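Okay, structure first, notes after.
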Amino acid sequence: MMKYKAFLIKYAEIGIKGKNRYIFENALVSQIKCALQKVDGSFQVTKEQGRLYVEALSDYDYEDVTEALKCVFGIVAICPVKIIEDTTWETLVKEVAKYMEETYEDKNFTFKVAAKRADKNYPYTSPEICIEMGAYLLEQFPELTVDVHNPEVVVNVEIRSKAYIYSVIIPGLGGLPVGTAGKAMVLLSGGIDSPVSSYMVAKRGVEVEAVYFHAPPYTSERAKQKVIDLAKKVSKYTGPIKLHVINFTEIQMYIYDQCPHDQLTIIMKRYMVKLAEALGEKDGCLGLVTGESIGQVASQTMQSMAVIEEACSMPIYRPVIAFDKQDIVDIAEKIGTYEISIQPYEDCCTTFVAKHPVTKPTLKSICKSETHLEEKIGEMFQKALDTVEIIEIA
Ligand code: ATP
Ligand code: MG
């Protein structure tokens, strides 16, 4: 196989005109650099005439680099590119032929040449380059067939101060570069749904932080480790995640002791979003994110969610709200979180869950129950914030 020294990075340009374009490109460059830090080798990311290139400055592993780039939101396509310094015609045709030789073992396919000429002094026009180069390649490789309308392979030849040749297109994830849409606090449990939600908001450019509510000894160290492992998987796409671990035991026990058990989950969730909001506000988050989906469990009816979100003033985003479980599972499998999520470790919500939780709570009844918490909840809330453990996931 051919050894490429560079990759052309293609991104969608819709809606990123003017000033936004510059923000978008800079965010993309920094996300690409961040993704490549985890890959062996030294790379340079450059912006040239509205084009992004990743150039290898050392040896590298092709699979590792393309895998890393395939996880960066905002990239539509990754094209391994051959760069030719000497653009004189005689050299160029030979180099393109060599490129075809090295890239395609079997040349029984249809093709066309697509040329772009940024250097207007170049002795051939773009249509001439297409025709002449196509003819030269046919001469060299008689197995090839030209098809200008629907070719299997488009050989792109771009002539600037150097010439760039590419024909292989590796699809990227699309979306927007992380960091272009503000920051959110994800309530990250060990389940299937919240890691998928993290991935989905990040795909729209949102930078994510996370909070996990830990209830030792009812939830084990292993359950916490599972959340850390999930955050690590998700961070492949989102970039580094600041994970907050809140010790929730005291609050949870207090609610359990003071409130009707069928309302336990709702009241607990209300304190979760309040705590998440307090942490998020400190770090400049613009919203909370959960893995809730309508009707999945008692606390995810529209009535329950309305009562839960009344507890905080930040918007709560629920990317999988209208997804069937299987649709969520499909994404979880694709992003590699599913295997971790299905490990059987207790969640703090399941430990104390009532046999018959309310499915249609009213705000009035919940607020009435919460009056039983007045004596100690303020103090416990502050203590939970003061003792938060922060784990930097990179
Ligand atoms: P998931 O698959 O994400 O765990 P779930 O279907 O198990 O979701 P619930 O347990 O009702 O649903 O939780 C709903 C949402 O509340 C979760 O998606 C998550 O965002 C948040 N959540 C629940 N438990 C915790 C926890 N211990 N720490 C942080 N967030 C939590
Ligand atoms: Mg869960």
Side-chain angles (χ1 to χ4, degrees), residues 31 34-35 38-39 63-64 66-73 75 170-175 178 184-215 219-245 265 269 272 276 288-300 305 316-351 353 391 393-394:
Q31 290 306 312
C34 179
K38 294 182 186 165
V39 176
E63 289 299 320
D64 289 352
T66 50
E67 272 313 305
L69 293 173
K70 276 200 262 181
C71 293
V72 177
F73 294 126
I75 296 180
I170 302 164
L173 284 176
V178 169
M185 180 66 71
V186 181
L187 283 79
L188 188 65
S189 65
I192 295 168
D193 308 328
S194 44
V196 169
S197 290
S198 316
Y199 169 88
M200 287 176 74
V201 285
K203 185 169 179 184
R204 297 309 303 160
V206 177
E207 182 185 346
V208 298
E209 291 196 9
V211 53
Y212 166 60
F213 296 90
H214 190 39
T219 53
S220 62
E221 273 308 295
R222 199 58 198 80
K224 175 176 155 188
Q225 186 57 44
K226 181 177 164 186
V227 174
I228 296 171
D229 294 345
L230 282 170
K232 182 125 191 104
K233 272 279 179 217
V234 170
S235 75
K236 224 174 93 180
Y237 302 91
T238 61
I241 297 175
K242 180 174 172 185
L243 172 64
H244 303 74
V245 180
T265 309
K269 285 269 155 75
M272 282 187 185
L288 305 180
V289 175
T290 74
E292 290 160 311
S293 158
I294 295 176
Q296 214 183 67
V297 289
S299 59
Q300 296 178 24
M305 286 187 285
I316 301 181
Y317 296 103
R318 301 173 172 98
V320 298
I321 193 68
F323 279 39
D324 286 348
K325 193 73 189 186
Q326 189 56 48
D327 299 335
I328 304 173
V329 166
D330 289 346
I331 299 178
E333 282 180 329
K334 187 180 99 179
I335 66 176
T337 54
Y338 184 71
E339 284 302 313
I340 303 171
S341 291
I342 58 172
Q343 292 170 7
Y345 301 106
E346 281 301 304
D347 183 79
C348 69
C349 296
T350 44
T351 312
V353 82
I391 304 172
I393 311 282

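Predicted, not measured: the structure shown is a model, and the values here were computed from it. These numbers come from the heavy atoms of this one structure, side chains and all, not from hydrogens, waters or symmetry mates.
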Nearest heavy-atom neighbours spanning V178 and A202 | CG2-O, 3.6 Å
Please answer whether the main-chain N or O of S194 pairs with a side-chain N or O of S198 as donor and acceptor at a distance below 3.5 Å.
-> yes
Over all atoms of both residues, closest heavy-atom pair of I241 and A231 = CD1-O, 3.6 Å
Show your reasoning for whether side chain to side chain contact (heavy atoms under 4.5 Å, CB included) applies to Y338 and I192.
-> CA-CA 6 Å; Y338 184 71; I192 295 168; 3.9 Å; yes
Y212 OH to L230 CG distance, which is reported to the nearest 0.5 Å = 10.5 Å
Could you check D193, D324, V320 and say which one makes a side chain to side chain contact (heavy atoms under 4.5 Å, CB included) with Q296?
-> D193
Nearest heavy atoms of K233 and I335, plus distance in Å | CD-O, 4.1 Å
Minimal non-hydrogen separation, Y199 against F73, with atom names = CE1-CZ, 3.5 Å
Test item: K334 and D330 side chains (from C-beta on) under 4.5 Å apart, heavy atoms = no
Mind listing the closest non-hydrogen atom pair of D229 and I340 along with its distance?
-> O-CD1, 3.9 Å
Do H244 side-chain atoms and A210 backbone N/O form a donor-acceptor pair below 3.5 Å?
-> yes
Backbone N/O of F323 and side chain of S293: donor-acceptor pair under 3.5 Å = yes
Any chance you could measure T337, atom OG1, to I328, atom CD1, to the nearest 0.5 Å?
-> 11.0 Å
Report yes if the side chains of I228 and I391 come closer than 4.5 Å at any heavy-atom pair, otherwise no.
-> yes
Any donor-acceptor N/O pair, K224 side chain to H214 backbone, under 3.5 Å = no
Judged by atom type as modelled, is there a donor-acceptor pair below 3.5 Å linking the side chain of K232 to the main-chain atoms of A394?
-> yes
Passing option when I294 is tested against M305, Q300, R318 for side chain to side chain contact (heavy atoms under 4.5 Å, CB included) | M305
How long is the span from the CD1 atom in I75 to the CG atom in L69, to the nearest 0.5 Å?
-> 5.0 Å
Can you tell me if K70 uses its side chain to pair, donor with acceptor, with the backbone of P171 under 3.5 Å?
-> no
Side-chain donor/acceptor of S235 to backbone N/O of P240, under 3.5 Å = no
Considering all heavy atoms, the nearest T265-S299 contact | CG2-CB, 3.9 Å
Just how far is it from atom CE of M185 to atom CG of L187, taken to the nearest 0.5 Å?
-> 8.5 Å
Out of curiosity, I342 CD1 to K226 NZ, how far, rounded to the nearest 0.5 Å?
-> 9.0 Å
When rounded to the nearest 0.5 angstrom, what is the spacing between CD in E67 and NZ in K38?
-> 13.5 Å
Test item: Q31 side-chain N/O and V72 main-chain N/O as donor-acceptor pair under 3.5 Å | no
